[in-house]
Protein chains: 2
Amino acid sequence: MTIEACGHEDCGIRDVLDRLGDRWSVLVIVTLAQKPRRFGELQRAVTGISQRMLTVTTRRLVRDGLVRRTVYDTVPPQVEYRLTEMGQSLAVAIQSLAAWSRTHKDAIADSRAAFDTAGTREALPFPG
Amino acid sequence: MTIEACGHEDCGIRDVLDRLGDRWSVLVIVTLAQKPRRFGELQRAVTGISQRMLTVTTRRLVRDGLVRRTVYDTVPPQVEYRLTEMGQSLAVAIQSLAAWSRTHKDAIADSRAAFDTAGTREALPFPG
DNA sequence: CGGTATCCTCAGAGATACTG
DNA sequence: CAGTATCTCTGAGGATACCG
């Protein structure tokens, strides 16, 4: 079940999230938002991503029209990835979400700490 | 590897996405953004979610301080979920992303169609 | 350099049955 | 009604090795 079973008018949300939900797409997007990059460059910038996942992720983004892939027929081969205009507009939306995150980061951490230790015992289902 | 290996200054992004990345959190949030709901109500509203996943998802949201869970000691038992203020502010950010999605939905679909059929054959790695 | 191909693992999530 | 307890399975993603 992906989008079909959403049952929401707001369901357009799923379209974004199926894209943003995976581990790497957003990281690649914000990295490319800084400047266009070559494959290896991109892999170094997005720390921890495997070669395979970078290939998979970039291809998805290209397919969705968020990134443009340009091959320069040089030796050695050179491939440049850059955000399309649409990709850039998404990057903006993402940045605002990142801003939200930074703003509420601490509050979330505090909430979790509180949840995991004290008050929970009375307020929530699992006293164990 | 979750947040640690991000290597990004923008890494606050990961904090949001680990939350938004899963299949149901966002759907629950936007549903609760409409109005507070009881458990069963919520399950009917978020079509397709299993009882277990609703429990898991709501608990995560409560833990993060995005949702407040209120138990009314009635017969039969009654539990109300509602967004906290922080949850509401996140809902706003999400809505803007949803708006982006609706705006670019068609463009994405077109891009995919183009990618999956024609031009790709010359422009991209896998001619098969 | 920028990929592809293969194998493998393990968390996320569904189905089902039971409980205070 | 609002959960909890298992059991299972799928597929996203990691590791590794090879290719044009």
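Note that this is a predicted model, so its numbers are computed, not measured.
For the pair B:Arg37 CZ and D:dC1 P, the interatomic distance rounds to 16 Å; values are reported in whole Å. Distance A:Leu42 CG to C:dC1 P: 14 Å, rounded to the nearest Å. Rounded to an integer number of Å, the gap from A:Arg59 CZ to D:dA12 C1' is 16 Å. When the C1' atom of C:dG3 is taken as reference, atom CD of A:Gln43 falls 11 Å away, rounded to whole Å. One interatomic measurement links the two molecules: CE of B:Met53 to P of C:dG12, which rounds to 8 Å at whole-angstrom precision. Between the C1' atom of C:dG2 and the OH atom of A:Tyr72 lies a distance of 15 Å, rounded to the nearest Å. Separating the CD1 atom of B:Ile49 from the P atom of C:dG12 is a distance of 15 Å, rounded to the nearest angstrom. Atom P of nucleotide D:dT4 and atom CG of B:Leu54 are separated by 11 Å, given to the nearest angstrom.
The backbone N or O of A:Leu66 sits less than 3.5 Å from a side-chain atom of A:Thr84, completing a donor-acceptor pair. Between the side chain of B:Glu41 and the backbone N or O of B:Arg38, at least one donor-acceptor pair lies under 3.5 Å. Judged by distance alone, the side chain of B:Thr57 and the main-chain N or O of B:Met53 form a donor-acceptor pair under 3.5 Å. In this structure a side-chain-to-backbone donor-acceptor pair under 3.5 Å is missing from A:Ser25 to A:Asp22.
The heavy-atom pair separating A:Gln43 from A:Ser50 by the smallest distance is NE2-C, 3.7 Å.
With C:dG3, C:dA13, D:dG3 as the candidates, the nucleotide lying closest to the side chain of B:Arg69 is D:dG3. Of all nucleotides listed (C:dA13, D:dG13, C:dG14), C:dG14 comes nearest to the side chain of B:Ser50. Taking the side chain of A:Asp22 as heavy atoms from C-beta on, and the options C:dT4, D:dG3, D:dG13, the nearest nucleotide is D:dG13.
Taking the side chain as every heavy atom from C-beta outward, A:Arg68 and A:Tyr81 never approach each other to under 4.5 Å. Residues B:Phe115 and A:Arg59 meet the side-chain proximity criterion, which asks for heavy atoms closer than 4.5 Å.
Taking only distance into account, the side chain of A:Arg52 meets the base of D:dG13 through a donor-acceptor pair shorter than 3.5 Å.
Using a 4.0 Å heavy-atom cutoff across all strands shown, A:Gln51 reaches at least one base atom of the nucleic acid.
Over its length, the helix from C:dC1-D:dG20 to C:dG20-D:dC1 turns its helix axis by 50°, as judged from the five terminal pairs at each end, rounded to 10°.
A heavy atom lying under 4.0 Å from DNA chain D marks the following residues of residues 73-82 of chain B, by number: B:Pro76, B:Pro77, B:Gln78, B:Val79, B:Tyr81.
Residues A:Leu83 and A:Val71 are members of one and the same hydrophobic cluster, defined by side-chain heavy-atom contacts under 4.5 angstrom among Ile, Leu, Val, Met, Phe, Trp and Tyr.
By the side-chain hydrogen bond (donor to acceptor under 3.5 Å, both in side chains) test, B:Thr58 is found to be paired with no residue, residues two or more places apart in sequence or in another chain being considered.
For C:dA11, neither phosphate oxygen OP1 nor OP2 lies less than 4.0 angstrom from any side-chain nitrogen or oxygen of A:Arg23.
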